[in-house]
Amino acid sequence: MNYFLAGALLSFLVVIPLIRQGLTSYDYFFINHSWYDVCNDFFDFKNPINVFINSSWILLILYMFSKKILKGEKLGNTTKYMFLVILFFINPITMPTVIEYISDFVYYRAFDILFNTFTLGHLFTYFYRNMKFPDYVYCLPIICLLFLIINRLNTYEMERSRPSDDFNPLYKITNSEMNMYKVLEEKLSKKTYRVRVVTQADSLKAYFYNVETPFGVPSTRDVIRNAPIEEKQNVSEILNLFIVREFADQKVFLNNLDYKSACPVLKSEDIEYLILRQDQVKEKEGEYVKIWLDIRECMDPIFVDDKYVLLEMR
């Protein structure tokens, strides 16, 4: 086992970087990735909260390892796992190889393998069982970290995209979405098959395993809604009708936009439930009306609030 680890580490550190030129620069490990993704910056020390969070993570883990080594303790499976994660993954030296062959550019998400609530539980258990007063003080930052993790994700992207109100920090969605999902959950509990749903709420698939969507975040997040006409393309009619638009009747794709075809298209796609945002409107007879109102021709609203409407096919 020791020879295997030595060979693997040698490959990560020496052999592969020598063979593969132009791998990712080492500074990629330390930069702030939260400017373009929902993640924590573990080397950001620009404000007091980040100083506390990042310093606590790093120092608590290092202190635990040093205590175990100095006392000659036998490393348990959890500690061995943490050591291997640091050795092979959360390591600026091995990072270029991991990016090249495993993670691609989303390497920074690998930090979550180590910095998570399970690690906090392991640290708390270790300090509680093995330390004497006043060493119990090390449990205090662990409790604070847990509180901060549950209540906020301190990143630029999360602060930018998080709703300004009605946000539920435990479920990471708005209370409006949570109330709507409770209604949908009751409906789906009576189904014995995967139900087809069209949704403008990105969080749907995170809370329901027994639904199927004709399109989702992977097919919409890279769409440039204001692209020049020559760069637009034809897509499925259901995506053209129900992709989130920035303003009424916005021409996102080459397809003609005709909401009169909504019911026939929904029926042809075997859609049983439709979730629409209340800010999605169209122009009708010189006025702006919500697009879901005319869809009542074939679907009934079973949940309505000021943010969303959930409709069920008759």
Side-chain angles (χ1 to χ4, degrees), residues 38 158 161-223 225 235-250 252-253 255 257-284 288-314:
V38 180
M158 192 65 177
S161 60
R162 175 185 292 170
S164 58
D165 58 357
D166 194 38
F167 184 76
N168 189 307
L170 183 60
Y171 291 94
K172 301 297 187 288
I173 56 176
T174 62
N175 289 312
S176 173
E177 289 172 291
M178 190 165 61
N179 293 333
M180 177 175 62
Y181 290 161
K182 288 178 180 178
V183 176
L184 182 59
E185 183 179 27
E186 183 179 354
K187 292 286 185 178
L188 295 182
S189 65
K190 304 172 184 177
K191 309 288 186 179
T192 58
Y193 56 90
R194 287 170 65 86
V195 176
R196 286 178 61 78
V197 181
V198 170
T199 179
Q200 291 182 340
D202 293 339
S203 59
L204 176 75
K205 293 297 286 288
Y207 289 86
F208 294 95
Y209 67 91
N210 55 340
V211 298
E212 180 183 343
T213 56
F215 66 87
V217 175
S219 56
T220 60
R221 63 184 175 186
D222 294 328
V223 173
R225 288 163 172 75
V235 296
S236 66
E237 192 57 33
I238 198 162
L239 174 58
N240 182 49
L241 285 169
F242 298 113
I243 189 172
V244 174
R245 285 178 160 79
E246 297 168 341
F247 54 85
D249 303 323
Q250 181 181 21
V252 180
F253 305 109
N255 312 51
L257 182 60
D258 181 13
Y259 284 112
K260 293 180 181 179
S261 67
C263 279
V265 169
L266 290 167
K267 289 179 178 179
S268 68
E269 292 279 350
D270 296 322
I271 302 301
E272 295 189 43
Y273 295 95
L274 174 64
I275 297 173
L276 295 177
R277 287 172 29 168
Q278 289 281 23
D279 63 358
Q280 298 297 289
V281 297
K282 65 179 180 179
E283 187 174 0
K284 182 180 179 180
Y288 291 109
V289 298
K290 296 175 181 180
I291 64 174
W292 70 269
L293 293 175
D294 286 346
I295 299 176
R296 291 179 298 176
E297 175 187 336
C298 60
M299 304 186 82
D300 296 316
I302 57 175
F303 173 87
V304 182
D305 69 3
D306 60 337
K307 300 287 178 58
Y308 290 99
V309 57
L310 169 62
L311 299 108
E312 181 180 37
M313 185 66 73
R314 293 195 195 102

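Heads up: numbering here begins at 1 and tracks the sequence.
- The distance from atom CD1 of Ile295 to atom NZ of Lys290, rounded to the nearest 0.5 Å, is 13.5 Å.
- Within the 4.5 Å cutoff, the side chain of Lys282 has no heavy atoms near those of the Leu257 side chain.
- Annotation: side chain to side chain donor-acceptor pair (under 3.5 Å) contacts of Lys205 (sequence neighbours excluded): none.
- Here the CZ atom belonging to Arg245 is positioned 9.0 Å from the CD atom belonging to Gln200, to the nearest 0.5 angstrom.
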### Task
Apply side-chain hydrogen bond (donor to acceptor under 3.5 Å, both in side chains) to the pair Trp292 and Gln278, showing each step before the final yes or no.
CA-CA 8 Å; Trp292 70 269; Gln278 289 281 23; 2.9 Å; yes

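- For Glu246, the side chain to side chain donor-acceptor pair (under 3.5 Å) partners two or more places apart in sequence, or in a different chain, are Gln250.
- Between the CZ atom of Phe208 and the CG atom of Leu188 there is a distance of 5.5 Å, given to the nearest 0.5 Å.
- Evaluation of the side chain to side chain contact (heavy atoms under 4.5 Å, CB included) rule for Ser236 yields Ile238, Leu239 as partners, not counting sequence neighbours.
- Under the side chain to side chain contact (heavy atoms under 4.5 Å, CB included) criterion, Arg194 pairs with Glu212, sequence neighbours left out.
- In this structure, the side chain to side chain donor-acceptor pair (under 3.5 Å) partners of Ser203, at least two apart in sequence or on a different chain, are Glu177, Tyr181.
- Listed for the Gln280 side chain is no donor-acceptor partner under 3.5 Å among the backbone atoms of Val244.
- Judged as a salt bridge (Lys or Arg N to Asp or Glu O under 4.0 Å), and not counting sequence neighbours, Lys267 has no contacts.
- Going from atom CG of Leu241 over to atom CD1 of Ile291 covers 8.0 Å, rounded to the nearest 0.5 Å.
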### Query
Can Phe242 and Leu274 be said to form a side-chain contact (heavy atoms from CB on, under 4.5 Å), step by step?
CA-CA 10 Å; Phe242 298 113; Leu274 174 64; 4.1 Å; yes

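- Residues forming a salt bridge (Lys or Arg N to Asp or Glu O under 4.0 Å) with Arg277 (at least two apart in sequence, or on another chain): Asp279.
- Note that CD of Glu237 and CZ of Phe253 are 10.5 Å apart. Values are rounded to the nearest 0.5 Å.
- With a 4.5 Å cut-off on side-chain heavy atoms, Leu293 and Lys284 do not count as touching.
- With Thr213 as the partner, the side-chain contact (heavy atoms from CB on, under 4.5 Å) test is satisfied by one option alone out of Val198, Val195, Leu204: Leu204.
- Partners of Lys191 under the side chain to side chain donor-acceptor pair (under 3.5 Å) rule, at least two apart in sequence or in another chain, are Glu272.
- Listed by chain and number, the residues in a side chain to side chain contact (heavy atoms under 4.5 Å, CB included) with Asp202 are Val217 (sequence neighbours excluded).
- Applying the side chain to side chain contact (heavy atoms under 4.5 Å, CB included) test to Glu283 and every residue at least two apart in sequence or in another chain returns Asp249, Tyr288.
- In this structure, Arg196 CZ and Ile271 CD1 are separated by 4.5 Å, a value rounded to the nearest 0.5 Å.
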### Message
As a quick check of understanding, evaluate side-chain contact (heavy atoms from CB on, under 4.5 Å) for Val211 and Thr199, giving each step before the final call.
### Response
CA-CA 11 Å; Val211 298; Thr199 179; over 6 Å; no

Could you go through residues 301-314 and list every donor-acceptor pair under 3.5 Å that involves a side-chain atom there, pairing it with any protein atom two or more places apart or in another chain?
unit_1	atom_1	unit_2	atom_2	d
Asp305	OD1	Ser176	OG	3.4
Asp305	OD1	Lys307	N	2.8
Asp305	OD1	Tyr308	N	2.7
Asp305	OD2	Ser176	OG	2.4
Glu312	OE1	Lys187	NZ	3.4
Glu312	OE2	Tyr273	OH	2.8
Arg314	NE	Asp300	OD1	2.9
Arg314	NE	Asp300	OD2	3.4
Arg314	NH1	Arg296	O	3.4
Arg314	NH1	Glu297	O	2.6
Arg314	NH2	Arg296	O	2.4
Arg314	NH2	Asp300	OD1	3.1

